[in-house]
Amino acid sequence: MIDGGLFLRLWRAVLYLALTLPTGPIQAVLLLVRSPLSLSFPAFYHRLCCRALGFRIEQIGERSRAHPTLYAANHSSYLDIPILGSIIEGSFVAKAEIAHWPFFGVLAKLQRSIFVDRRPGSTAQQRDALRDRLEEGGDVIIFPEATSGDGIHMLPFKSALMSVAEYRPHGTPLTVQPVTVAYLRLDGMPMGRFYRPFVAWYGDMKVGPHLWTMLGLGDITVHVIFHPPVTLEQFGSRKGLSAHCHKVIAAGLAGALAGRGPGREADAEPDAEAEDMMADVEE
């Protein structure tokens, strides 16, 4: 006899594959014929996957209406991809090695992910890759922490990843929107520290065991908070922009975890302490 937890894991795994296997070829054809639907179809797919995996997404704030927009979000898990992908019709920026991963690498390519080499000395290459996509009018989603954290504390931002914000599409400042992703409740109850590592994926955690455990959890409520859009011109440098985005996203995360809603917005100008927190990457 199969216990309830194992049955839930198997059911969700089968449902996920049943959604993914037929939709992958559809997206491949849409990309091949350069159909405009190739931009919106991944969001439809991610919404189906989020429902199948038991995510209840609550959107707070208004998404930018400008195109292109650079979305900068905190990062605590590979689960951020379907969650943000279900709301934003955009391309993710991913590490170059992900392109060679079995299965998930293929999915990332179908999403039109932008693969970048994050080794020292590659800042210009990263900027140019992102700029090419933005010139097409496509929105781009980046995780400036450059790795995933524990879902409670945010890591410093790598401001080199924000260098693309210096680009001015059609002569106008690029819109940058900070976004907070917060995993809050499990089956309607606040998710304490015990359950948070079952959602957050960081350190030396293995993807397979972590995913198998996550599939056995109940319904997870996630807040996606869209903060007011800004431009680099408001802060004078990518470092100032990075500091502001970090401050705003961190305030949103702290407020959401404490049950205070989206949290108080950070001041328009980052303070000196916030700037010192940033891990500025100089090439």
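Starting from 1, each residue takes its place in the sequence as its number.
- Considering every non-hydrogen atom in both L253 and T180, the closest pair reads N-CG2, 3.5 Å.
- L134 contributes atom CG, which lies 9.0 Å from atom OG1 of T69 (distance to the nearest 0.5 angstrom).
- In this structure a side-chain-to-backbone donor-acceptor pair under 3.5 Å is present from S64 to A66.
- A165 approaches V176 most closely through the heavy-atom pair CB-CG2, 4.1 Å.
- Taking hydrophobic clusters as Ile, Leu, Val, Met, Phe, Trp and Tyr residues chained together by side-chain heavy-atom distances below 4.5 Å, F194 shares a cluster with Y202.
- Of the possible polar contacts, one joining the Q27 side chain to the S38 backbone as a donor-acceptor pair under 3.5 Å is found.
- No donor-acceptor pair under 3.5 Å is formed between the side chain of D80 and the backbone N or O of I83.
- When hydrophobic clusters are built by joining Ile, Leu, Val, Met, Phe, Trp and Tyr residues whose side-chain heavy atoms come closer than 4.5 Å, directly or via intermediates, V29 is not grouped with F41.
- With values rounded to the nearest 0.5 angstrom, L232 atom CG is found 6.5 Å from S237 atom OG.
- More than 12 heavy atoms of other residues, nucleotides or ligands shown are found within 6.0 angstrom of OH on Y167.
- With hydrogens and angles disregarded, no donor-acceptor distance shorter than 3.5 Å links the side chain of D219 to the backbone of D187.
- Here the CG atom belonging to L241 is positioned 10.5 Å from the OG atom belonging to S163, to the nearest 0.5 angstrom.
- In this structure a side-chain-to-backbone donor-acceptor pair under 3.5 Å is present from T23 to L19.
- A salt bridge links E58 with R185; the closest basic N to acidic carboxylate O contact falls under 4.0 Å.
- By the criterion of side-chain heavy atoms lying less than 4.5 angstrom apart, applied directly or through intervening Ile, Leu, Val, Met, Phe, Trp or Tyr residues, V222 is grouped together with L215 in one hydrophobic cluster.
- R56 contributes no side-chain N or O that, together with a main-chain N or O of I220, makes up a donor-acceptor pair within less than 3.5 Å.
- Each of F103 and I26 belongs to its own hydrophobic cluster when Ile, Leu, Val, Met, Phe, Trp and Tyr are linked at side-chain heavy-atom distances under 4.5 angstrom.
- Smallest separation of non-hydrogen atoms from E89 and L39: CB-O, 3.7 Å.
- Aromatic rings of F198 and H210 (six-membered ring for Trp) have centroids beyond the 6.0 Å cut-off, not under it.
- Two residues are said to be in side-chain contact when any heavy atoms from C-beta on lie closer than 4.5 Å; K158 and P144 fail this criterion.
- Side-chain contact check for V199 versus M191: some heavy-atom pair is nearer than 4.5 Å.
- Here the CG atom belonging to L17 is positioned 14.5 Å from the CZ atom belonging to R12, to the nearest 0.5 angstrom.
- The environment of OH in Y195 is sparse: at most 12 heavy-atom neighbours from other residues, nucleotides or ligands sit within 6.0 Å.
- In the hydrophobic clustering of ILVMFWY residues, with side-chain heavy atoms under 4.5 Å counting as a link, I249 and I152 come out together.
- Side chains of T147 and H75: a donor-acceptor N/O pair is absent below 3.5 angstrom, by distance only.
- Two residues are said to be in side-chain contact when any heavy atoms from C-beta on lie closer than 4.5 Å; L31 and L110 meet this criterion.
- Of the possible donor and acceptor atoms, one in the side chain of S113 sits under 3.5 Å from a partner among the backbone N and O of A108.
- Other residues, nucleotides and ligands contribute more than 12 heavy atoms inside 6.0 Å of the CH2 atom of W212.
- Between R112 and D132 there is no salt bridge, since no side-chain N of the basic residue sits under 4.0 Å from a carboxylate O of the acidic one.
- Taking NE2 of H223 as the reference point, atom CD1 of I60 lies at 4.5 Å (rounded to 0.5 Å).
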Problem set entry | Working for side-chain contact (heavy atoms from CB on, under 4.5 Å), residues L84 and Y71 | CA-CA 10 Å; L84 289 174; Y71 294 94; over 6 Å; no
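- Within the 4.5 Å cutoff, no side-chain heavy atoms of R168 are placed close to those of L174.
- Using modelled atom types and a 3.5 Å distance limit, the side chains of S91 and R133 yield a donor-acceptor pair.
- No side-chain heavy atom of W101 sits under 4.5 Å from any side-chain heavy atom of L107.
- The shortest non-hydrogen separation linking L15 to A52 is CD2-CB, 3.4 Å.
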Exercise. So I87 and R63, side-chain contact (heavy atoms from CB on, under 4.5 Å) or not? Walk me through it.
Worked result: CA-CA 9 Å; I87 301 175; R63 191 158 43 98; 3.9 Å; yes
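- The main-chain N or O of L155 is found under 3.5 Å from a side-chain atom of E145 such that the two form a donor-acceptor pair.
- Using a 4.5 Å cut-off on side-chain heavy atoms (C-beta onward), T221 and F55 make no contact.
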Problem set entry | Stepwise side-chain contact (heavy atoms from CB on, under 4.5 Å) test for Q177 and L70 | CA-CA 6 Å; Q177 185 163 34; L70 179 69; over 6 Å; no
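- In terms of heavy-atom proximity, P178 sits nearest to C245 at CG-SG, 3.9 Å.
- More than 12 heavy atoms of other residues, nucleotides or ligands lie within 6.0 Å of CD in E233, so this atom counts as buried by the packing criterion.
- At a cut-off of 3.5 Å, with distance as the only test, a side-chain donor of Q111 or H46 sits close to an acceptor on the other residue.
- Side-chain contact between L186 and L217: present, with at least one pair of heavy atoms (C-beta onward) separated by less than 4.5 Å.
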Exercise. Where do F157 and H246 land on the side-chain contact (heavy atoms from CB on, under 4.5 Å) test, with the steps shown first?
Worked result: CA-CA 7 Å; F157 279 4; H246 188 282; 3.6 Å; yes
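- Remark: the Y183 side chain and the S77 side chain contain no N/O donor-acceptor pair separated by less than 3.5 Å.
- The shortest distance between side-chain heavy atoms of R196 and L257 falls below 4.5 Å.
- Residues S242 and M162 approach most closely at OG-CG, 3.1 Å, considering heavy atoms.
- Taken to the nearest 0.5 Å, the CD atom of E166 stands 8.0 Å off from the CZ atom of R131.
- Of the candidates F104, W201, F143, Y78 forms a ring pair (Phe, Tyr, Trp, His ring centres under 6.0 Å) with just one, namely W201.
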